[in-house]
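Comments concern the structure below.
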There are 2 protein chains.
Amino acid sequence: MTGQVRTVDGRVAGRRGQETRQKLLDCLREMLSTSPYRDVKVIDVARMAGTSPATFYQYFPDVEGAVLEIAEEMAEDSGGLKELVDGKSWAGKTGLATSEELVDGFLAFWRKNDAILRVVTLGAAEGDKRFFKIRMKVLNSVASPLAEAVRNTQGKTDKTVDGSAVAGALVTLLAASAEHSKAFTSWGVKVKDLKPSLALQVYLGVTGKKPPK
Amino acid sequence: MTGQVRTVDGRVAGRRGQETRQKLLDCLREMLSTSPYRDVKVIDVARMAGTSPATFYQYFPDVEGAVLEIAEEMAEDSGGLKELVDGKSWAGKTGLATSEELVDGFLAFWRKNDAILRVVTLGAAEGDKRFFKIRMKVLNSVASPLAEAVRNTQGKTDKTVDGSAVAGALVTLLAASAEHSKAFTSWGVKVKDLKPSLALQVYLGVTGKKPPK
DNA sequence: AACTTGTCCTGTCATGCCGTCAGCTTACCG
DNA sequence: CGGTAAGCTGACGGCATGACAGGACAAGTT
């Protein structure tokens with residue numbers, strides 16, 4: 001699927017080269033989670049990787065290029081989120097459990113990748129198509145099966161409900177909540193209480209009914 | 001209320017100085033809406049304002065400092081959002097209208113200030129307390145009265161509903177939807193359809209009931 | 001072992017932005 | 001008209017960027 005890893009000037013990277021490249025990516029990831037995106041400099045990444053800036057530019061056109069690489073890796077990884085929805089039941093108490101697991105899994109994924117997702121979100125908001133596409137891939141891994149679930153659950157009874165719109169809103173809410181969980185804390189809502197609250201929203205959105213007690 | 005405007009080295013700015021300062025802020029605002037935050041350089045802002053970089057550093061410690069200034073200005077302006085909720089009725093059809101006006105007003109505010117809000121959102125997500133505070137001020141201008149509305153409407157019938165949590169989730173959803181309206185487009189949801197969908201969510205959240213037909 | 005080939009890394013350099021300072025110009029006031 | 005403070009900029013050291021050529025290295029060939 002993916003072609004050979006290549007340097008900026010067209011050479012094919014060998015074993016050692018790929019190691020260096022990977023080390024640079026790892027260090028960049030680390031930098032992103034410790035300092036503001038705006039302040040991440042090539043020279044710092046190179047220093048941390050024990051190499052020189054020139055080496056960095058052999059493998060990536062610039063910081064943004066390397067970030068895209070990390071982001072694409074993460075987007076691949078997000079495919080696993082599908083399993084949180086696919087083939088799950090939304091009936092009764094099982095449905096509520098499905099909803100809770102979805103919220104849990106999604107928040108965990110976001111927390112695990114929060115640094116890179118922050119940059120992806122910014123890039124998407126700024127109108128960069130490459131970042132936008134990556135963000136959509138992550139969101140769609142949940143939104144697509146969720147829209148399907150909405151259609152299956154409510155589509156027959158209420159034709160006015162747009163599955164895509166509902167699923168989109170829910171996923172948007174989940175992403176924003178994950179990114180800004182601190183805001184909820186400042187509203188006096190503990191992270192522990194946030195999860196069931198979101199799970200309830202998801203259940204309501206998908207089924208259109210109040211959950212069973 | 002606000003003390004005199006001062007330069008970085010402590011002088012008080014006079015009429016002419018304030019004009020220059022304002023011009024720099026305006027140009028920075030313009031830059032933010034046309035190029036990625038990461039690429040906004042002091043020298044470009046200065047050039048656009050027809051002045052020199054040294055002048056910029058007379059009025060602001062760095063780009064971030066100037067951005068904070070713009071953001072604070074916008075946060076002041078956000079106080080007007082309160083009127084979208086304060087003293088409004090949530091009963092029956094009037095409630096649905098209130099909800100629609102709220103969504104409309106909020107999205108309009110976000111769209112109007114999208115460039116600066118993008119940066120504020122990033123800063124807040126990165127853990128910068130100053131940006132976080134500004135973001136909370138904007139969100140709270142709607143979230144606070146909305147939480148109050150939830151308590152008034154549902155608090156008596158259902159003690160388990162946490163007004164702050166519901167209002168927080170709704171405002172978070174609105175903010176994220178405004179920031180990423182393009183995502184909805186890509187899900188096949190037109191901006192026109194997005195608004196009523198969000199309005200419905202808000203109505204449901206506040207009243208806990210399905211809207212009247 | 002000497003040679004060849006292609007990968008990998010870095011020293012170096014021109015360029016450009018950052019952030020500071022001394023010093024010049026302008027405006028205001030008595 | 002002289003004093004004072006505001007306002008602005010040229011110039012500079014420092015650092016990041018991005019390109020290149022060339023040296024180090026590994027692996028295979030003769």
Specify the separation, in whole Å, of atom [atom1] of [X] and atom [atom2] of [N].
X	N	atom1	atom2	value
B:Asp9	C:dG23	CG	C1'	14 Å
B:Leu24	D:dT9	CG	C1'	13 Å
A:Phe60	D:dA16	CZ	C1'	18 Å
A:Gln22	C:dC9	CD	P	13 Å

Out of curiosity, [X] [atom1] to [Y] [atom2], how far, rounded to the nearest 0.5 Å?
X	Y	atom1	atom2	value
B:Ser78	B:Glu72	OG	CD	11.5 Å
B:Leu198	B:Leu107	CG	CG	6.5 Å
A:Met74	A:Arg135	CE	CZ	10.5 Å
B:Leu173	A:Leu170	CG	CG	8.5 Å
B:Leu28	B:Lys23	CG	NZ	15.0 Å

Report yes if at least one side-chain N or O of [X] is closer than 4.0 Å to OP1 or OP2 of [N]; otherwise report no.
X	N	result
B:Thr7	D:dG7	no
B:Arg11	D:dA5	no
A:Thr20	C:dC9	yes

For nucleotides 25-28 of chain C, give me every protein contact, N/O to N/O, under 3.5 Å, one pair per line with atom names.
none

>> Whether B:Arg29 and B:Glu69 form a salt bridge (side-chain N of Lys/Arg under 4.0 Å from carboxylate O of Asp/Glu) is what I want to check.
In response: no

>> Quick test of your reading of the model: are B:Arg11 and B:Asp9 salt-bridged, counting only N-O distances below 4.0 Å?
In response: yes

> Where does the angle between the aromatic ring planes of A:Trp187 and A:Phe184 fall among parallel (under 30°), tilted (30 to 60°) and perpendicular (over 60°)?
Replying inline: perpendicular

>> Under a 3.5 Å distance rule, please check whether A:Asp62 uses its side chain to pair with a backbone N or O of A:Gly65 as donor and acceptor.
In response: yes

>> With a 3.5 Å distance limit and no angle check, can you tell me whether B:Thr98 reaches the backbone of B:Ser89 through a side-chain donor-acceptor pair?
In response: yes

>> Quick check with a 6.0 Å cut-off and a 45 degree axis cone: is B:Arg38 positioned over the face of A:Tyr37's six-membered ring?
In response: yes

Are any protein N/O atoms closer than 3.5 Å to N/O atoms in nucleotides 20-22 of chain C? If there are, list each pair with its distance.
none

> Which residues in residues 38-50 of chain B have at least one heavy atom lying under 4.0 Å from any atom of DNA chain C?
Replying inline: B:Lys41, B:Val42, B:Ile43, B:Arg47

>> Taking any heavy-atom pair under 4.0 Å as a contact, classify B:Tyr59: base, sugar-phosphate, or nothing.
In response: sugar-phosphate

>> Using the side-chain heavy atoms of B:Thr55, tell me which of these nucleotides is nearest: D:dC8, C:dT10, D:dG18.
In response: D:dC8

